[in-house]
Each structure stands twice: as C-alpha cells, then as structure tokens.
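Down below is the structure, laid out as structure tokens.
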Amino acid sequence: MAATTALKLRLLRDDPTPPSAADDTSPCAFGLQDNKDQLHPGTLREDGKLAFDFELRVATPQEGEDGQRPVFLGPFAFGKPQDRFVYLSWQRTHLPGYVNRIKARLADLNWALVREAQESGGVLEADMSGRKAGGGKIQVVWRLVDVPPPEDEQI
C-alpha cells in the first residue's frame, strides 16, 4: 500500500444561495459535504466570502509511478481515484437529498503544486464563486496561499 501525506485545502464561495435548481425552493443548508452526507459550514471572511478549510491525504507514488496524477483520500474525496472531486452542497433540511451541488475537481492538481504546498505548509485554495451546479469537467484553478514566513534562523 502506498504511503499517504496530508494536504491542506480551502474552497471559497461568495454566495451561499443555491444555483438554479429547476425551481426547487426547498429549505436547505449549505456546506462542504463529507462522504457520510454531513455538511461542514464555512467561515465568513472579511471579504464576505465563505471559506471551507479541510484536509485530504495524498497517496505518494511508488517507484515507477511518477507520471501518475495524485490520488486524494479522505472523508471529503468523491469519485474515481484518478478523477476525484469535493462537493459544496445545498442539502435539503426537511426532505432527503440535495437542492444542488458544485464539484471542485481535484484532477487539476499536479504533483508539483501538491509538493510545493506540503513543503511550504501553505494551503491550496480554489474560488468557486459564481460556479453553476455540477461542474464535473470544468477546470478549477488552485493556487497556493497562506504560506508561513520562514522561521528566523537563530545563531
């Protein structure tokens, strides 16, 4: 079995109202969905966006597998191993199911960016503001943020 390492990620969204859902006006809660159908609320930032911070594990490639994409594991990862994604979801509060969900593709993350985030201690962030429901094949732009400053070397 491949070893795994932790990776910090964050999704942003500027509007907690669900994207058009064929006139489904069911009351709903909004959050980052885990694989037990629980929603994790975001934190309101000063810029008015909601931030959803979470961690995934990344399976490190074994010898001879360097060309493969990272495989993401953990309670927020959905989909096939080489095409994982995470969901921002609007879950109905009085009925089963979802009013709508947005997919944030993890397949757009490459090893160079994953390793840079892990080595720096930073967070990989994607802004999902304005995204419509679904988004299974729409590219997600991930960027490295919140890199801690280097510690001062003491003599």
Side-chain angles (χ1 to χ4, degrees), residues 4-60 69-151:
T4 61
T5 56
L7 179 67
K8 295 184 278 188
L9 299 110
R10 175 182 303 132
L11 294 178
L12 302 175
R13 179 78 178 177
D14 64 351
D15 186 1
T17 58
S20 176
D23 300 324
D24 187 342
T25 58
S26 301
C28 58
F30 176 55
L32 178 69
Q33 181 183 336
D34 69 21
N35 56 23
K36 293 183 180 179
D37 285 332
Q38 299 296 307
L39 293 185
H40 300 260
T43 303
L44 187 60
R45 298 179 358 156
E46 287 183 16
D47 64 4
K49 292 183 180 181
L50 289 168
F52 300 88
D53 288 284
F54 61 103
E55 279 193 9
L56 293 175
R57 294 182 322 279
V58 185
T60 56
R69 292 188 168 278
V71 175
F72 300 94
L73 308 166
F76 300 103
F78 291 86
K80 297 176 184 175
Q82 293 301 321
D83 193 22
R84 296 269 199 235
F85 55 89
V86 293
Y87 277 128
L88 287 179
S89 301
W90 289 266
Q91 188 177 45
R92 291 185 187 97
T93 54
H94 298 347
L95 297 169
Y98 296 87
V99 169
N100 230 322
R101 300 190 288 191
I102 294 174
K103 285 183 182 180
R105 295 182 70 229
L106 298 169
D108 295 320
L109 289 168
N110 59 36
W111 275 116
L113 194 52
V114 167
R115 287 186 178 121
E116 185 180 3
Q118 290 174 324
E119 290 168 6
S120 70
V123 176
L124 291 176
E125 179 180 89
D127 192 340
M128 304 303 288
S129 298
R131 291 279 179 138
K132 295 184 177 16
K137 298 298 178 189
I138 298 172
Q139 182 179 10
V140 173
V141 177
W142 294 91
R143 63 188 185 104
L144 182 60
V145 298
D146 295 348
V147 175
E151 292 183 27

| Could you walk me through whether L124 and L144 pass the side chain to side chain contact (heavy atoms under 4.5 Å, CB included) check? | CA-CA 5 Å; L124 291 176; L144 182 60; 4.2 Å; yes

| Which atom names give the shortest non-hydrogen contact between P148 and S120, and what distance separates them? | CD-O, 3.2 Å

| task | Check the pair V140, R131 against side chain to side chain contact (heavy atoms under 4.5 Å, CB included), reporting the backbone distance first and the verdict last. | result | CA-CA 10 Å; V140 173; R131 291 279 179 138; 4.0 Å; yes

| task | Before accepting this row, confirm whether a basic side-chain N of the pair R10/D53 lies closer than 4.0 Å to the acidic partner's carboxylate O. | result | yes

| request: Indicate yes or no: does K8 engage D146 in a salt bridge with an N to O separation below 4.0 Å. | output: no

| task | Decide yes or no for E55 and L9: does some side-chain heavy atom of the first lie under 4.5 Å from some side-chain heavy atom of the second? | result | no

| task | For residues S26 and V99, report the shortest heavy-atom separation together with the two atoms involved. | result | O-CG2, 3.9 Å

| message | Distance to the ring centre below 6.0 angstrom and angle to the axis at most 45 degrees; does that hold for R84 and F72? | response | no

| said: Assess whether a salt bridge exists between D47 and R45, defined as any Lys/Arg side-chain N lying under 4.0 Å from an Asp/Glu carboxylate O. | reply: yes

| Shortest non-hydrogen contact from C28 to P18? | SG-CG, 4.1 Å

| request: Work out which heavy atom in P16 is nearest to a heavy atom in W90; give both atom names and the distance. | output: O-NE1, 2.5 Å

| task | Mind checking the CG-OH spacing from N100 to Y87? Nearest 0.5 Å is all I need. | result | 10.5 Å

| Taking atom CZ of F30 and atom CD1 of I102, what is their separation to the nearest 0.5 Å? | 6.5 Å

| said: Could you measure the distance from the CG atom of L106 to the CG atom of D83? Nearest 0.5 Å is fine. | reply: 9.0 Å

| field | Nearest-0.5 Å distance, OG1 of residue T4 to CG of residue L73 | value | 6.5 Å

| field | Whether F76 and H40 hold their rings parallel, tilted or perpendicular, with breakpoints at 30° and 60° | value | perpendicular

| Nearest heavy-atom pair of V114 and L109: which atoms, and what distance? | CG2-CB, 4.3 Å

| task | Could you tell me the separation between the NZ atom of K132 and the CD1 atom of I138, rounded to the nearest 0.5 Å? | result | 9.0 Å

| task | Go through the structure and list residues passing side chain to side chain contact (heavy atoms under 4.5 Å, CB included) with L44, not counting sequence neighbours. | result | L50

| request: Might you work through the side chain to side chain contact (heavy atoms under 4.5 Å, CB included) test for V71 and Q82, ending with a clear yes or no? | output: CA-CA 6 Å; V71 175; Q82 293 301 321; 3.0 Å; yes

| task | Please report the shortest heavy-atom distance between A104 and L11, naming the atom on each side. | result | CB-CD2, 3.8 Å

| query | Can you find a pair of side-chain heavy atoms, one from L88 and one from L32, that are under 4.5 Å apart? | reply | yes

| remark: CD (Q91) and CG (D37) are apart, to the nearest 0.5 Å, by 6.0 Å

| task | May I have the step-by-step check of side chain to side chain contact (heavy atoms under 4.5 Å, CB included) for Y98 and Q33, ending in yes or no? | result | CA-CA 11 Å; Y98 296 87; Q33 181 183 336; 3.2 Å; yes

